[in-house]
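Shown next, in structure tokens, is the structure this report addresses.
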2 protein chains.
Amino acid sequence: MKRNTWQREAVRGALDANDGFISAQALHSALHATGSPIGLATVYRALADLAVEGDADSLQSPEGESLYRACSTNLHHHHLICRNCGLTVEIEADAVERWAKDVAGQNGFTQAAHVVDVFGLCATCTAKAA
Amino acid sequence: MKRNTWQREAVRGALDANDGFISAQALHSALHATGSPIGLATVYRALADLAVEGDADSLQSPEGESLYRACSTNLHHHHLICRNCGLTVEIEADAVERWAKDVAGQNGFTQAAHVVDVFGLCATCTAKAA
DNA sequence: GCTCTGTTGATAATGATTGTCAAAACCATT
DNA sequence: AATGGTTTTGACAATCATTATCAACAGAGC
């Protein structure tokens with residue numbers, strides 16, 4: 001049976017409180033900063049669970065870290081991510097969905113999944129950088 | 001000055017001889033299997049150099065490994081990758097390029113880069129799996 | 001052949017993530 | 001509220017890919 005623990009709630013809450021993608025390590029640090037004695041391994045486990053249940057999204061940063069974010073919808077979608085501040089916008093892309101399926105089919109591929117994420121500088125960070 | 005060493009040639013050759021994306025570790029093993037005494041660190045360095053020069057593509061597998069592949073063109077392009085055998089097809093996607101730029105612009109993002117890769121099972125592996 | 005300087009490679013170091021396992025917490029039941 | 005069967009936790013060790021270190025080595029030009 002699945003049990004409800006304050007640790008899981010803490011991770012879920014910390015994710016919700018965060019605007020963009022965050023690494024497991026950073027989330028653990030943030031929780032500690034608020035006085036929570038939660039363990040690192042538990043944060044990893046909770047994040048993995050949330051991702052499986054569809055309550056969180058995960059992606060790999062260009063540096064190879066796994067990043068997580070609270071996910072507002074269980075529907076398939078993609079992201080527009082600020083590489084500076086981590087701000088994330090969820091985007092839909094029916095056109096890309098179709099394209100991915102088409103291009104896979106044309107090459108004889110089946111069970112097509114795809115990774116489509118756009119990185120850039122958000123308006124705020126663009127202004128600051130100027 | 002940049003020097004030509006047999007090690008760099010060996011890495012380039014091994015990459016060319018491989019059809020799909022391969023990890024640095026696997027490439028090192030493959031080279032050792034052919035009797036080459038090349039060091040692991042050197043393989044990493046050579047791959048990083050090739051990637052910078054545009055002679056190789058790199059991407060991150062879902063498991064977090066960095067994968068490399070000999071790149072036939074320096075132009076920007078994407079990949080259709082068999083998750084079973086590593087077979088890779090280079091694909092162009094003008095539509096996706098435009099879409100990425102548009103969606104970034106609509107949200108005030110600048111300096112948009114994007115990660116677009118499609119994973120699936122190639123025709124051969126699909127047949128085997130049946 | 002000689003020297004200078006970039007390159008190599010064995011190994012240690014790093015850093016994220018996962019495995020281990022006894023102790024603690026959860027929840028249905030008494 | 002106490003009990004008991006299980007799940008979860010968390011401190012720590014283990015793992016894995018990758019990077020740094022640094023002395024020995026090998027190109028390139030003289």
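In what follows, every heavy atom counts, from backbone to side chain, and hydrogens, waters and symmetry copies are set aside. Below, chains carry the letters A, B, ... as their sequence lines are ordered, and counting in each starts from 1.
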Item to complete: Mind running side-chain hydrogen bond (donor to acceptor under 3.5 Å, both in side chains) on B:E97 and B:H114 for me, showing each step along the way?
Response: CA-CA 9 Å; B:E97 304 298 325; B:H114 53 276; 3.2 Å; yes
Discussion item. Let me check the geometry of the helix from C:dG1-D:dC30 to C:dT30-D:dA1. What is the bend angle between the axes at its two ends, five pairs each, to 10°?
Written reply: 30°
Worksheet item: Just checking A:E65: base, sugar-phosphate only, or nothing, at a heavy-atom cut-off of under 4.0 Å?
Response: sugar-phosphate
Practice prompt. Nearest 0.5 Å please: distance from the CD1 atom of A:I91 over to the CD1 atom of A:I81.
Written response: 8.5 Å
Item to complete: Using heavy atoms and a sub-4.0 Å distance, could you list which residues of residues 7-15 of chain B are near DNA chain C? By number, please.
Response: B:Q7, B:R8
Worksheet item: How many angstroms lie between CG in A:D94 and CH2 in B:W99, if you round to the nearest 0.5 Å?
Response: 10.5 Å
Worksheet item: Which is true for A:S66 with a 4.0 Å heavy-atom rule: it touches a base, it touches only sugar-phosphate, or it touches nothing?
Response: sugar-phosphate
Worksheet item: Can you find a heavy atom in the side chain of A:R12 that is under 4.5 Å from one in the side chain of A:D55?
Response: yes
Discussion item. Return the OH to CD1 distance between B:Y68 and B:I22, rounded to the nearest 0.5 Å.
Written reply: 12.0 Å
Practice prompt. Please check if the side chain of B:S29 supplies one atom and the backbone of B:Q25 the other of a donor-acceptor pair under 3.5 Å.
Written response: yes
Practice prompt. Report the distance from atom CD of B:Q60 to atom C1' of D:dA17, rounded to the nearest whole Å.
Written response: 11 Å
Fill in: Rounded distance [0.5 Å steps], CG in B:L80 versus OG1 in B:T88
8.0 Å
Fill in: Interatomic distance, B:L27 atom CG to B:L47 atom CG [nearest 0.5 angstrom]
5.5 Å
Fill in: Aromatic ring proximity A:F21/A:H79, centre distance under 6.0 Å
yes
Discussion item. Reading DNA chain C from 5' onward, which residue's closest nucleotide shows up sooner: A:S23 or B:I38?
Written reply: B:I38
Worksheet, complete the sentence: To the nearest 0.5 Å, atom CG of A:L121 lies from atom OG1 of A:T126 at 4.5 Å
Worksheet item: In the 5'-to-3' direction, what one-character label does each nucleotide of nucleotides 21-30 of chain D receive under the scheme B = base within less than 4.0 Å of a protein heavy atom, S = sugar-phosphate only, - = no such atom?
Response: B----BB---
Fill in: Side-chain donor/acceptor of A:H28 to backbone N/O of A:I38, under 3.5 Å
yes
Worksheet item: What pairs with A:R45 under salt bridge (charged side-chain N to carboxylate O under 4.0 Å, His left out), at least two apart in sequence or on another chain?
Response: none
Practice prompt. Could you tell me the separation between the CG atom of B:L40 and the P atom of D:dC16, rounded to a whole number of Å?
Written response: 14 Å
Worksheet item: Which ILVMFWY residues can you reach from A:Y44 by hopping between side chains whose heavy atoms are under 4.5 Å apart?
Response: A:L40
Discussion item. With a strict under 4.0 Å distance from non-hydrogen atoms of chain A, what nucleotide opens and what nucleotide closes the contacted stretch of DNA chain C, reading 5' to 3'?
Written reply: C:dA16 to C:dC27
